[in-house]
Amino acid sequence: MKEELEKLKAEIKLTLKEVKDTKSLEECRIKWLGKKGAITGILKNLGKMAPEEKPAFGKLANEVKEHIEKALGEKLEALKQEETRLKFAEEKLDVTLPGKKINLGRLHPLTTTLNQIKEIFIGLGFEFAEGPEVESDYYNFEALNIPADHPSREMWDSFFISDNLLLRSHTTPVQIRVLEKRTPPLRVIASGRCYRRDAVDATHSWMFNQFEGFMVDRDVTFGGLKGVLMAFAREMFGQERRAKFIPSYFPFTEPSAEVAIDCFVCAGKGCRLCKGSGWIEILGCGMIHPRILQRVNYDTEKYTGFAFGMGPERIAMLKYGIDDIRLFFENDIRFLKQF
Amino acid sequence: MKVPLGWLRDYIDIDITAEELADKLQSGGIPVEGIENRNEAGIKGVVVGQIVTLEKHPNADKLVVADVNVGNGKIQIVTGAMNVRQGDKVPVALTGSSLAGGVRIKKSNLRGLPSEGMMCSANELDLNIKDLPQEHREGVMVFPEDSPIGADVLKLLALDEPVLVIESFANRPDLLSISGIAAEAAAVLGKKLKKPSLVFPETDEAAGDIVKVEVIDKDLCPRYAARIIKDMVIKPSPLWMQGRLQAAGIRTISNVVDITNYVMLETGQPLHAFDYDLLKRGKIIVRRAKEGEKIITIDGEERSLTSSMLVIADAKKPVALAGVMGGIDTEISDSTGRILLESANFNGANIRRTSQALGIKSESSRRFEKGLDYYSVDIASDRASAMMVELGGKACKGRVEDGVQAPAPVNIALRANRTNSILGTEISVEDMAHYLEKLSFQVKVQGDILNVTVPSYRQDIKEEIDLVEEVARLYGYDNIPYTFPEGGGVVGRTTAVDKIESLCRDILARAGLYEVFTFTMASQESFEKVPFAAQNWLSVKNPLVEDQRILRGSLLYHLVEVASRNFRVKNFDVKIFELAKIYFPAEGFPEERRILSTALSGAGVDFYYAKGVMEAFFNELGIKYKFIPYEYPFFHPGQSAKILVNNEECGCSGRLNPVSAEKLDIEREIFLSEIYLDKIISLIPRKVYSSIPKFPSVERDIAMIVDEEIPASDIDEAIKNAGPEFLVKFECFDVYKGEQITPGKKSMAYSLAFQSMERTLTDEEVNIARKKICEALESKFGAKIRE
């Protein structure tokens, strides 16, 4: 009996060496440990044994059984590892191959820029308003101190639809529309498409966008205008920006100014972007001309206001380093995908 | 306006560099665009020389040998120039000088004779050819006889001076003059303004005996002044004057015309010189033109006039378009004996209308249309006469004038307090007075009030706020402190519609589309290629080009154009959208509607892809929609759908009609959709959470064979009606035609999902529900259910 167990042990060692997969291993387990297996067979003989031999033999039999179980377990583990290894090898990929194309959509850089400007001013307490793109001569010109035959009309060479209607040449008419309908305090912004009969080149387009804002209240001052625009300029172009207010002329504001910031590329030293001047003009502004407020029945002794306007195309061109305004409207995918 | 620095120096002492001056003017409110250097070529060493002798070269037919007096001696020059004669004064580049194009002049030997310099052409001096009189454009320049021998040509022609380029404001005609800019410079630099003398000798003969001036339409011509100058020999003007005019970008013509231009640039007051002897009966009549009256202007064009245009006429016919352009018949020529010098004031708006109607823009009309000073009429008239007398003319006594009384000076009360409260400053009354006085305003202070008298040339100053600006810019905008307006409880926000627009853009971007911006207008022809429904197109009366004529009623054409343009550069994967306005004629203001359009093309894109994008869009907004077959002319008739929301047309979707595609040279399929945003904005529901089911869903399929013609939407409808309320979802996931299916039939497979919020459904009740649906399909469509 003892010899049989020892023989079995030796056989197991040899057999397991040859086992190559989990299926054969299972067969071995049944052969050795199953109900009809070798150990069971051997233990059946236990009854025939002398009582004094029984404990020693039983112990040995158990040892052999444990040995088999352990050997089987170890083998199973080894086989599983091998199988996993083979599977992994099979599933190996060239991770340097390109990924699947995921097409993300995106907003146009002008929308992104407009949103950015809008958010800054909303943060400063301004509310958004809209007006029509086809405007009357009154709102586009007359109400803004630009009477017919005034030489300043030349600043806005417009597309006319009839004698009285035209495609708005700026968003400033929104100012009048809001002033007519509402009462102070007013902090309003507006934006949208505008049209001028300009010959198209790298910096001119006959259709373009404008962003406009104004404030009317008691005690609105030129100093306040400077404060608001400085806050905008820093938020948009960097907190370290400096600004310069240069006298200018618009029929609808007085005093009027152009705002230039120190170049954010060269910090004012002079580079290609600022054409060597160190300064970049970003917007026009001024105190709303009292005659405009009077025309819409505001008491100008009580209320004053400021207004400003800028070109989102110009702002986007500066921000992204775009050198041709036409790119915005050509919509080449290779352009659009960069923003 | 180009301002040669030397010319400005006639009016004001400048002891800073051109750059410093530009900076100071700029921050004081004068927009300096830049500084021109007229000697970028680095020319030097060119003097005026006079040809003393001129002989043929003994060894060459095409060369001549000249002895030239260059002031400090004579030099010999061998030249090929054939336009020079003995006695001519010419620019001479001496040995060691530099010319345009980096040419250096050295002593040389030409066919055996030494040459010690070169006679120069305009090109070699880098002059702007178009500003030169014809005879100076080619060959060696021949200078006027009075040019000083040995003088530095660079200095004479003002080529060594920087030129300030100053932008003009529509309200500041005074800045279109050297004297006006000098007045500003004097204010910002704190210098005194120098004024040229207007004193000159007159003859005993009175101009009034020679010419009669009658202004009939005084509303359009408040003032007209004529002077008569005799004995003026018409010839080129002196070099210094030519130099300044050329620096200012004005073509030099002859002494008389040059003087009128010179004085215009200097004073801002345009002048005109007539050949007096060509005026009929020595008469000047200023009147409105007769309807259809004609005049040939000095540019050679015949102009047909209307009764709203003002002309200067003699006894018979118009001789000039007032303030715009002179007539050719009375132009100054070499044979002119007596000159009638016009200096007048015209109504700005009228000049502007005339110049626009006739399409003539002149230096004169540019100034008049902005409204000029009544008083500059005599200043300019006298200044020009003085210059003509200096050049040998004889001025007859007096100005012959007609017009209205001089306007009273403008007086404005400026409140110091008000000024400070607008600017947010604490400028003292004294400082304000000081600033205004620097700008030549007369100021009387009375407590807080400054009583200001405006100089007549400041036509832009009409009311208090105009003076506030003057104070502000002299104080310096940059010195006004930064403050921030009080809040006042105003909350920043945008509109509901704007938020929805943003949401729509975001949804489509999330669906993988690129946003585009296209032009609002196009040509009629373009819209005929992709015809949108609107019949009455709004159009622009004055487009620059045809592409800017029709206001669109659909974005489809433009999106197709974007796709096509991308195809041409091999961007074949085009998925784009645009949110914009479309326009329709209406009473009063045209109707503007918001529209959202998409165009899709590329691998894997078909009708159902495009529809999928639309479905995602509507689902995301929470709007129920329906696609029904509808043939739009711009879509493929078999792949064209109307989108209904609440049974109203809210959009369309389909494949670009291959006929349109062919017209546009497009070989790829493009799938287009449009959504009329205004119609659905009010339908977007508020988002409300619905609880996530706790009980499992049970899935079943139905496969059937039905007639090919039956649209899926009908079957959907039948399933919905026959299904129980716990039928939560169903969808057609396969359609098959072809082998094993009888022709005229199609196989369709639906997946159904049943789910209750209250309990777990039993197999039995689900099977019963499915059976009911199958029966409905059988009875309604004669469907053969495949189990």
Side-chain angles (χ1 to χ4, degrees), chain A residues 103-108 110-111 118 121-128 130 132-134 149 151-152 154-155 159-161 167 185 187 193 197 199 206-207 215 217 219-224 226-228 230 244-249 254-255 257 287 289-290 304 328-334 336, chain B residues 26-27 29 169-171 349 352-353 369-370 421-424 465-466 468-469 472-473 477-478 480-485 487-488 490-495 498 505 508-520 538 540-544 548 562 565-566 569 571 574 581 583 589-590 592:
Chain A
N103 288 315
L104 299 177
R106 60 199 71 224
L107 299 179
H108 194 279
L110 283 178
T111 299
K118 205 195 282 179
F121 282 104
I122 286 176
L124 292 171
F126 285 77
E127 54 179 306
F128 187 68
E130 277 182 282
E133 284 179 32
V134 179
D149 299 317
S152 63
E154 221 132 89
M155 296 160 79
F159 291 107
F160 277 85
I161 288 169
L167 284 161
R187 292 186 185 193
R193 298 182 190 217
R197 293 175 77 244
W206 57 267
M207 183 187 91
M215 178 170 175
D217 200 352
D219 303 324
V220 173
T221 65
F222 195 91
K226 285 182 70 177
V228 166
M230 185 59 144
K244 197 160 85 166
F245 285 72
I246 306 152
S248 188
Y249 169 71
E254 189 155 26
M287 299 301 290
H289 200 291
T304 48
F328 291 118
F329 307 110
E330 275 164 13
N331 300 295
D332 190 311
I333 298 289
R334 294 166 299 179
L336 296 176
Chain B
Q26 184 100 36
S27 48
F169 287 141
N171 67 333
R352 184 173 150 80
R353 272 195 296 271
E369 67 174 26
K370 293 183 169 72
S421 76
I422 289 172
L423 299 178
I465 193 71
D466 300 327
V468 173
E469 182 173 71
R473 65 189 181 93
Y477 282 9
D478 287 329
I480 297 173
Y482 287 95
T483 54
F484 203 86
V490 187
V491 177
R493 60 169 165 251
T494 185
T495 60
D498 185 52
R505 286 193 181 96
L508 291 176
R510 274 148 61 200
L513 275 64
Y514 283 19
E515 187 189 13
V516 299
F517 262 74
T518 62
F519 290 119
T520 304
L538 271 172
V540 165
K541 291 201 308 182
N542 57 339
L544 279 177
Q548 303 164 354
V562 169
R565 200 178 306 128
N566 272 292
V569 292
N571 299 327
V574 176
K581 293 227 183 118
Y583 314 83
F589 283 91
E592 296 181 20

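Lettering of chains follows the sequences in order, A, B, ..., and the numbering in each one begins at 1.
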R193(A) versus chain B, the contacting section by heavy-atom distance below 4.5 Å: side chain
Under 4.5 Å to a heavy atom of chain A? For P485(B) that would be both
Measure from the side-chain N and O atoms of T221(A) to the backbone N and O of S421(B), and report whether any donor-acceptor pair falls under 3.5 Å. no
For the interface with chain A, which of E592(B), E369(B), K370(B) has the highest count of heavy-atom pairs at distances below 4.5 Å? E592(B)
Cut-off 4.5 Å, heavy atoms of chain A, and the answer for V491(B) is backbone
Return the option, out of V574(B), I422(B), L508(B), with the maximum number of heavy-atom pairs under 4.5 Å with chain A. I422(B)
Could you give the distance from NZ (K118(A)) to OG1 (T494(B)), rounded to the nearest 0.5 Å? 4.5 Å
Closest heavy-atom pair and its distance - K244(A), D478(B): CG-OD2, 3.5 Å
Contact winner vs chain A - R565(B), K581(B), R510(B), R353(B), heavy-atom pairs under 4.5 Å: R353(B)
Contact class of N566(B) relative to chain A, heavy atoms under 4.5 angstrom: side chain
Please flag which part of N542(B) lies under 4.5 Å from any non-hydrogen atom of chain A: side chain, backbone, both or neither. both
Could you look at P132(A) and say if it's the side chain, the backbone, both or neither that has a heavy atom under 4.5 Å from chain B? both
Which atoms of T304(A) come close to chain B, meaning under 4.5 Å heavy atom to heavy atom: side chain ones, backbone ones, both, or neither? side chain
Run E254(A) and V468(B) through side-chain contact (heavy atoms from CB on, under 4.5 Å) and show every step you take. CA-CA 8 Å; E254(A) 189 155 26; V468(B) 173; over 6 Å; no
Using every non-hydrogen atom in the two residues, find where R473(B) and P247(A) come nearest and quote the distance to one decimal. CB-CG, 3.8 Å
Select one option (side chain, backbone, both, neither) describing which atoms of A511(B) are under 4.5 Å from chain A's heavy atoms. neither
Non-hydrogen atoms of chain B under 4.5 Å away: do they reach the side chain of E130(A), the backbone, both or neither? side chain
Pair count under 4.5 Å, heavy atoms only, with chain A: among G512(B), S27(B), G424(B), highest is G512(B)
Contacting moiety of R493(B), where chain A heavy atoms sit under 4.5 Å: both
Could you pull out the closest heavy-atom pair between K226(A) and Y477(B), with the gap in Å? NZ-O, 2.8 Å
Using a cut-off of under 4.5 Å on heavy-atom pairs, state which of M155(A), M230(A), M287(A) scores highest against chain B. M230(A)
Scored by heavy-atom pairs under 4.5 Å with chain B, the best of V220(A), L124(A), L336(A), D219(A) is L336(A)
Run the numbers on D217(A) and R187(A) for side-chain contact (heavy atoms from CB on, under 4.5 Å), then give the verdict. CA-CA 9 Å; D217(A) 200 352; R187(A) 292 186 185 193; 6.0 Å; no
Of the backbone (N, CA, C, O) and the side chain (C-beta and beyond), which part of F126(A) lies under 4.5 Å from a heavy atom of chain B, both, or neither? backbone
Interface moiety of F159(A) toward chain B, non-hydrogen atoms closer than 4.5 Å: both
Of the listed L110(A), V134(A), L104(A), I246(A), the one with the largest count of heavy-atom pairs under 4.5 Å with chain B is V134(A)
Of the listed residues (F128(A), F121(A), W206(A)), which shares the most heavy-atom pairs with chain B below a 4.5 Å separation? W206(A)
Quick one, F169(B) with S248(A), criterion side-chain contact (heavy atoms from CB on, under 4.5 Å). Give me CA distance, side-chain angles, the key distance, then yes/no. CA-CA 8 Å; F169(B) 287 141; S248(A) 188; 4.0 Å; yes
What heavy-atom pair brings T518(B) and M207(A) nearest, and what distance separates the two atoms? O-CE, 3.3 Å
Can you see which heavy atom on R352(B) is nearest to which on D149(A), and at what distance? CD-O, 3.3 Å
Closest non-hydrogen atoms of L538(B) and P590(B), given as atom of the first, atom of the second and distance, are CD1-CB, 3.5 Å
Y482(B) and F245(A) aromatic ring geometry - parallel, tilted or perpendicular at 30°/60° bounds: perpendicular
Name the member of G224(A), A257(A), G123(A) that forms the most heavy-atom pairs with chain B at distances under 4.5 Å. G224(A)
Treating E515(B) as the side-chain partner and L107(A) as the backbone partner, does any N or O pair qualify as donor plus acceptor under 3.5 Å? no
